[in-house]
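For reference, the structure discussed in these notes is given below.
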Amino acid sequence: MEKLKVLLASSEVVPFAKTGGLADVAGSLPIALEEMGVDVRVIMPKYASVKAGGNEATLGKKVKVYFVENDGYFNRKELYGDKFGDYADNLDRFVFFSRGILERCKKEGFAPDVIHCNDWQTALIPVYLNTIYKYDPFFSKTKTLLTIHNMAYQGLFDKEQFPKIGLDWALFSINYFEFYGKVNLMKAGLIYADAISTVSPTYAKEILTKEFGCGLEGVLKTREKSLYGILNGIDYNVWNPAKDTKIFKKYSADNLGDKYVNKEKLQKELDLKVDRDIPMIGLISRLADQKGLDLLAKIIDELLNIKVQFVLLGTGDNKYHILMEKMAKRHPKNTSINLKFDATLAQKIYASSDLFLIPSRYEPCGLGQMISFKYGTIPVVRQTGGLKDSVQEFDLKTGNGSGFTFEEYRADHFFAAIKRGLSAYRNTAAWEDLVKKDMGLDFSWKTSAKDYIDLFRKMLK
Ligand code: ADP
């Protein structure tokens, strides 16, 4: 069989730039694809955070990464906006990026079989290939897959900005870009892409409903036959306590004692009482409505009256910053609130916590639960999207299951799940078995990368 040629286009890629899970996926899936024999390359904007000189670099051992350069647009500290909100020229920036991607393919002489687009920032590529580049022989065989990492971010712009896209006004219609009077990049991408996927089987079903479709459920319904759900994986070369150089002490399931060395050192670093017996509850998240922080707000005082420590790392909506700061003032002894983005601290928290909270309102895939497993930290999750596909309720009697779960979006149910977690924690022998079992679960890309390859091949038939 001929080698598949795939270009993964993403607005963020670990280790070059990251605001969320998309960057983790874009930085690890290609490595797995390459190991499975795909000629895969990656393309992203050259932001200020990209340290590599020149306009290309390498990911893993040999995946080529192309950077689209434009200092005016991309040489900025943040990716999409600053404290004043989204950058006003985001449409210009990602139009430039999308056109830049197609032109770069030509410049490199790389005609992909599939361009794997991700989220609204690259949703224009399927559109351009069917309009401006429709008769371009270079792309005559190129197909597009558009992966949705989060339906809530669609790339919406005022109608007046439509000409920046460079297409005929006729496309500003309800059948293409128009969405309640605005320009919607994701919508047009979903219409033109050869196939669509999202990052878990459950979320693929959820987005067909009004509750999760964010207004695009109707469009998705028309594309249902081409819609797939493939669960994300994580890269165990990055997320692995046995190899992690950022944590205080490396450990594995065979020397769990060292996990608790991490816990004590982090307690010290964060000015918490140093005592390995106190259950440590971690939460690392964008502070956005999606993440279930309103549920947390309802139970946090009651939770912190129990003998636990709560460690939070996150940035996002100002209202949550204020909420968390106030909460920390009420419970100074057993909370550590870190309102920033800090990859090193994140790794230390994964390594040191006993329970990890993900009470999301919705969650396309979620990576925190998979990372937690590997670090022997037990997730407490709401059963939605990828969380539902990856965490099952633990049963103390049978030892089945991997975490603590709740279904209805209710604070009391969330609290009950945490309490089940805390009571399991007190059963030392059962807890150790659970921790060891979770550390052995496999959420690497092995299975999912193969699913992507099968999908690419199917698209080319
Ligand atoms: P989302 O993409 O919706 O933000 P995911 O669970 O898919 O959520 O991915 C979040 C990723 O970002 C995880 O790797 C998580 O550890 C990381 N992360 C989130 N907030 C922070 C932060 N403040 N500091 C460091 N890492 C963070």
Side-chain angles (χ1 to χ4, degrees), residues 10-29 49 78-80 118-121 147-153 198-200 202-203 206-207 212 214 229-241 244 246-247 266 270 282-293 296 311-317 320-321 324 336-353 356-375 377 379-382 384-391 403 443 445 448:
S10 174
S11 58
E12 47 185 279
V13 181
V14 163
F16 306 105
K18 166 168 169 173
T19 67
L22 166 61
D24 290 299
V25 174
S28 56
L29 170 61
S49 66
E78 301 297 335
L79 273 52
Y80 314 121
N118 293 277
D119 283 347
W120 68 265
Q121 292 89 343
T147 296
I148 305 161
H149 295 259
N150 193 331
M151 205 61 213
Y153 301 90
T198 186
V199 288
S200 69
T202 295
Y203 195 59
E206 287 173 341
I207 53 178
F212 296 95
C214 302
I230 302 177
L231 194 71
N232 285 336
I234 57 171
D235 182 348
Y236 288 138
N237 283 314
V238 178
W239 301 108
N240 187 345
D244 193 330
K246 303 264 176 61
I247 61 177
L266 186 64
L270 300 178
L283 194 158
I284 302 172
S285 177
R286 284 186 295 115
L287 301 181
D289 291 337
Q290 171 200 343
K291 299 293 182 180
L293 299 156
L296 181 73
V311 178
L312 176 132
L313 171 62
T315 56
D317 290 357
Y320 293 119
H321 285 224
M324 293 302 161
S336 169
I337 301 301
N338 307 277
L339 300 171
K340 58 181 174 179
F341 193 94
D342 182 339
T344 302
L345 181 58
Q347 273 155 273
K348 289 176 178 172
I349 296 173
Y350 283 119
S352 307
S353 302
F356 190 87
L357 307 182
I358 318 182
S360 305
R361 190 179 283 276
Y362 70 92
E363 194 58 77
C365 176
L367 297 174
Q369 76 281 18
M370 299 179 183
I371 300 170
S372 291
F373 283 147
K374 191 68 186 172
Y375 283 79
T377 300
V380 180
V381 309
R382 179 155 175 265
T384 181
L387 297 171
K388 188 168 173 177
D389 294 332
S390 54
V391 186
F443 285 97
W445 275 107
S448 299

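Each residue takes its place number in the sequence, starting with 1. Scope of the values below: all heavy atoms of this structure, side chains included, with no hydrogens, waters or symmetry mates. Counting convention: from 1, in listed order, for ligands and their atoms alike.
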Query raised in the report: At a 4.0 Å threshold, what atoms of ligand 1 neighbour a non-hydrogen atom of Ala346?
Result: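 Matching atoms, with element in brackets: 25 (C), 26 (N).
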Query raised in the report: Which atoms of ligand 1 sit under 4.0 Å from any heavy atom of Gly20?
Result: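 Atoms satisfying the 4.0 Å criterion: 2 (O), 4 (O).
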Nearest-neighbour protein heavy atom for [atom], which is reported as residue plus atom name and distance:
atom: atom 11 (C) of ligand 1; answer: Asp24 OD2, 3.7 Å
atom: atom 8 (O) of ligand 1; answer: Lys291 NZ, 3.2 Å
atom: atom 22 (C) of ligand 1; answer: Phe341 CD1, 3.4 Å
atom: atom 23 (N) of ligand 1; answer: Lys340 O, 2.8 Å
atom: atom 4 (O) of ligand 1; answer: Arg286 NE, 2.8 Å

Query raised in the report: Which residue from Leu367, Ile284, Leu345 reaches closest to atom 19 (C) of ligand 1 through any of its heavy atoms?
Result: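 Selected option, by shortest heavy-atom distance: Ile284.
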Query raised in the report: Within the structure, does Gly21 bring an N/O atom to less than 3.5 angstrom of an N/O atom in ligand 1?
Result: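 Yes; the residue has a nitrogen or oxygen that sits under 3.5 Å from a nitrogen or oxygen of the ligand.
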Report task. Kindly confirm or rule out an N or O of Tyr350 lying under 3.5 angstrom from an N or O of ligand 1. Result ->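 The answer is yes, given that Tyr350 and ligand 1 share an N or O pair closer than 3.5 Å.
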Requested in this report: Answer yes or no for Ile371: is there a heavy-atom contact with ligand 1 below 4.0 Å?
Outcome: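 Within the 4.0 Å threshold, so yes.
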Is it the side chain, the backbone, both or neither of [X] that has a heavy atom closer than 4.0 Å to ligand 1?
X: Ser285; value: backbone
X: Lys18; value: side chain
X: Asp342; value: backbone
X: Asn150; value: neither

Query raised in the report: Asn338 versus Val311: any side-chain heavy-atom pair under 4.5 Å?
Result: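 A side-chain contact under 4.5 Å exists here.
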Query raised in the report: Can you find a heavy atom in the side chain of Met324 that is under 4.5 Å from one in the side chain of Leu293?
Result: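 Met324 reaches Leu293 side chain to side chain.
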Measure the [atom1]-[atom2] distance between [X] and [Y] for me, rounded to the nearest 0.5 Å.
X: His149; Y: Gln121; atom1: NE2; atom2: CD; answer: 9.5 Å
X: Tyr350; Y: Lys374; atom1: OH; atom2: NZ; answer: 15.0 Å
X: Asp342; Y: Gln347; atom1: CG; atom2: CD; answer: 9.5 Å
X: Thr315; Y: Phe341; atom1: OG1; atom2: CZ; answer: 7.5 Å

Query raised in the report: Can you name the closest pair of heavy atoms from Tyr362 and Ala152 and give their distance?
Result: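 Nearest pair, atom of Tyr362 first, then Ala152: OH-CB, 3.0 Å.
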**Report entry** Nearest non-hydrogen partners of Ile284 and Ala346, listed with the distance
**Finding:**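 Scanning both residues, the minimum pair turns out to be CD1-O, 3.5 Å.
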Requested in this report: Answer yes when Asp289 and Arg361 have at least one side-chain N-carboxylate O distance shorter than 4.0 Å, and no when they do not.
Outcome: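 Salt bridge flag = no for Arg361 with Asp289.
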**Report entry** Residues Tyr375 and Asn240: side-chain donor-acceptor under 3.5 angstrom
**Finding:**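 No, no side-chain donor-acceptor pair sits under 3.5 Å.
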